[in-house]
Amino acid sequence: MSTGTRRIGTALPETGSREWWALYLLSPLVLVSATLLAFPTLVYDQFVWQYLWGPVVADAASQPVTHEGIRAVQGYNAVNTVTYLVAVAYSLPGLRAYLDALDVSFDTSLAYGLAPMIVAGGAMRALEDIGLLGDYAVWFITPTIYVVVTGVTVLALGVGALARERSVASIPSTVGFVGSIWAVSAIGWALRHGLSTGTTFRLWVPIATTGIALGVTALYFWGTNVVDVPHLRHPLILLAVFGQLWDAAQNLIGVTFLGFSPKMVITNIVYEATGFSGSTFVLKLLVTVGIVWYLADAKEEMNHTWWWLMTFFIGAIGLPMGVRGSLRMMLGV
């Protein structure tokens, strides 16, 4: 290690310390504020508005919107997709430090406790699509919905830590309970709306998407018997596979039977290039198997916490998309 590297390492505060949290939280705020002050038109109008915030406002309004002559349209684009991925990557060290401070065990029970919270986020996004959230809709559109779900999860983790100290409940069970109540309430609201309004109500859609995802995940589980990679059947990897396949299944049903097109930039490009309604499903299946194969093979060599976070992240991308798409198509939105 060079002298310069040692100096940099020494100068940085210890992860999880007050100084580290101050640097971690304030650095992006200072960077964004400085660039906004220096180049307001370029940074806000031509970047933030056109590609980030404008699409959120347009999504809430269900039509393109204009600011200072710059038109923003709803949906994903290459810029906001990359920006969101960068934001998620930046959030991982903070998430790890927070969980370490709570002395949370990165195990299977925590992953399955967090899963209902992720599903609840997808269900709330579907309620916004349906038009049931009124003035609160803007808080449940990408990327603000991630802030809301993260905030609720952070609070639930804190409550879980207090419950653990009082020997009332564990952190995973507390988070799972909060997430389950939220998810069941949101999905129940969507079902009640469909049953009471007399609008399109395709109950077969969520049954089909969930069934396809479970069925192919079961085939994946069976297929791992023929290879000598033990961790391919790890419960956390199975959750990741199911989450991605649920998203792939709702794309398959929507494109094949209901005239929908993939919403994500990459999957839509593949669909338009191939014209094959099952292209998204095949692509996601191949990519997911490749990623989890790598993670399973590297489990013993990687840091356990980072392995857990990366593996859970794969499932957390797919789960909300699966429930959102299933509920939207169920109600014909």
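Looking at T83 and F47, their side chains come closer than 4.5 Å, going by heavy atoms from C-beta outward. Residues S105 and L110 fail the side-chain proximity criterion, which asks for heavy atoms closer than 4.5 Å. Between H67 and Y44 the shortest side-chain heavy-atom distance falls below 4.5 Å. The closest side-chain heavy-atom distance from Q250 to D247 is below 4.5 Å. Counting only heavy atoms from C-beta outward, the side chains of T144 and W53 approach each other to under 4.5 Å. With contacts defined as side-chain heavy-atom distances shorter than 4.5 Å, the pair L252/T280 does not qualify. The closest side-chain heavy-atom distance from V241 to L245 is below 4.5 Å. Counting only heavy atoms from C-beta outward, the side chains of H231 and V292 never approach each other to under 4.5 Å.
Nearest heavy atoms, V205 versus M329: CG1-CB, 3.8 Å. S277 and T256 make their closest contact through OG-OG1, 3.1 Å (heavy atoms, listed as atom of the first residue, atom of the second, distance). Residue V323 comes nearest to A123 through the heavy atom pair CG1-N, 3.6 Å, listed as atom of the first residue, atom of the second, then distance. Considering all non-hydrogen atoms of both residues, A316 and I118 come closest at O-CG2, 3.7 Å. Here the closest heavy-atom approach between residue P172 and residue S109 is recorded as CB-O, 3.4 Å. Across every non-hydrogen atom of V73 and A58, the tightest pair is C-CB, 3.9 Å.
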Cut-off 3.5 Å, no hydrogens considered: what does the side-chain donor-acceptor table look like for residues 175-190, sequence neighbours left out?
unit_1	atom_1	unit_2	atom_2	d
S180	OG	G176	O	2.7
S185	OG	I181	O	2.7

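Counting only distance, with no hydrogens or angles, the side chain of D297 and the backbone of Y294 share no donor-acceptor pair below 3.5 Å. Using modelled atom types, one side-chain atom of S170 and one backbone atom of S173 make a donor-acceptor pair closer than 3.5 Å. Side chain of S17 to backbone of P13: no donor-acceptor contact under 3.5 angstrom is found. Side-chain N or O atoms of H304 include one that pairs as donor or acceptor with a backbone N or O of F106 at under 3.5 Å. Not one N or O on the side chain of Y84 forms a donor-acceptor pair closer than 3.5 Å with the backbone of V79. A donor-acceptor distance shorter than 3.5 angstrom exists from the side chain of T35 to the backbone of V32, with no hydrogens or angles considered.
Between Y90 and Y24, the gap from one ring centroid to the other is short of 6.0 Å.
Taken from CG in L285 to CD in Q244, the straight-line distance is 10.5 Å, to the nearest 0.5 Å. Interatomic distance, CG of L95 versus OG1 of T305, reported as 10.5 Å (0.5 Å rounding). L127 CG to R324 CZ: the interatomic distance, rounded to the nearest 0.5 Å, is 11.5 Å. Rounding to the nearest 0.5 Å places CD1 of I253 at 14.5 Å from CE of M330. Taking OH from Y220 and CD1 from I237, the interatomic distance works out to 5.5 Å, rounded to the nearest 0.5 Å. In this structure, CD1 on I291 lies 8.5 Å from CE on M310, to the nearest 0.5 angstrom.
When the shell of 6.0 Å around CD of E14 is examined, it contains 12 or fewer heavy atoms from other residues, nucleotides or ligands. Applying the 6.0 Å contact sphere to CH2 of W293 captures no more than 12 heavy atoms from other residues, nucleotides or ligands. Residue W139 qualifies as open at atom CH2: its count of foreign heavy atoms under 6.0 Å is 12 or below. Counted within 6.0 Å of CG on D135, heavy atoms from surrounding residues, nucleotides or ligands total 12 or fewer; the atom is thus considered open. Atom OH of Y51 has 12 or fewer neighbouring heavy atoms from other residues, nucleotides or ligands inside a 6.0 Å radius. Counting non-hydrogen atoms of other residues, nucleotides and ligands closer than 6.0 Å to CZ of R192 gives a total of 12 or fewer. For N303, the CG atom is densely surrounded, since the number of other residues' heavy atoms within 6.0 Å is greater than 12.
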Exercise. Would Q74 and V57 count as a side-chain contact (heavy atoms from CB on, under 4.5 Å) if you check the C-alpha gap in whole Å, the side-chain angles of each, and the deciding distance to 0.1 Å?
Worked result: CA-CA 8 Å; Q74 66 188 86; V57 177; over 6 Å; no

For this session: Evaluate side-chain contact (heavy atoms from CB on, under 4.5 Å) for T200 paired with L331, printing each intermediate quantity in order.
Result: CA-CA 5 Å; T200 302; L331 297 175; 6.0 Å; no

Exercise. Does the pair V216 and I212 meet the rule for a side-chain contact (heavy atoms from CB on, under 4.5 Å), with working shown?
Worked result: CA-CA 6 Å; V216 180; I212 292 171; 4.2 Å; yes

Exercise. S91 and Y146: side-chain contact (heavy atoms from CB on, under 4.5 Å), yes or no, with the steps?
Worked result: CA-CA 11 Å; S91 71; Y146 294 116; over 6 Å; no

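The hydrophobic cluster containing L219 does not contain V287, counting ILVMFWY residues as joined when their side-chain heavy atoms lie under 4.5 angstrom apart, directly or transitively. L155 and V152 are assigned to two separate hydrophobic clusters, defined by single-linkage of ILVMFWY side chains at heavy-atom distances under 4.5 Å. Follow the hydrophobic side-chain contacts under 4.5 Å out from M117 and you never reach L162; the two are in separate clusters. In the hydrophobic clustering of ILVMFWY residues, with side-chain heavy atoms under 4.5 Å counting as a link, M302 and F312 come out together. In terms of hydrophobic clustering, with Ile, Leu, Val, Met, Phe, Trp and Tyr side chains grouped at heavy-atom distances under 4.5 Å, L36 and L26 are assigned to different clusters.
Pairs engaging residues 307-316 under the side-chain hydrogen bond (donor to acceptor under 3.5 Å, both in side chains) rule: none recorded [sequence neighbours left out]. Sequence neighbours left out, the pairs with a member in residues 87-111 that pass salt bridge (charged side-chain N to carboxylate O under 4.0 Å, His left out) are R96-D100.
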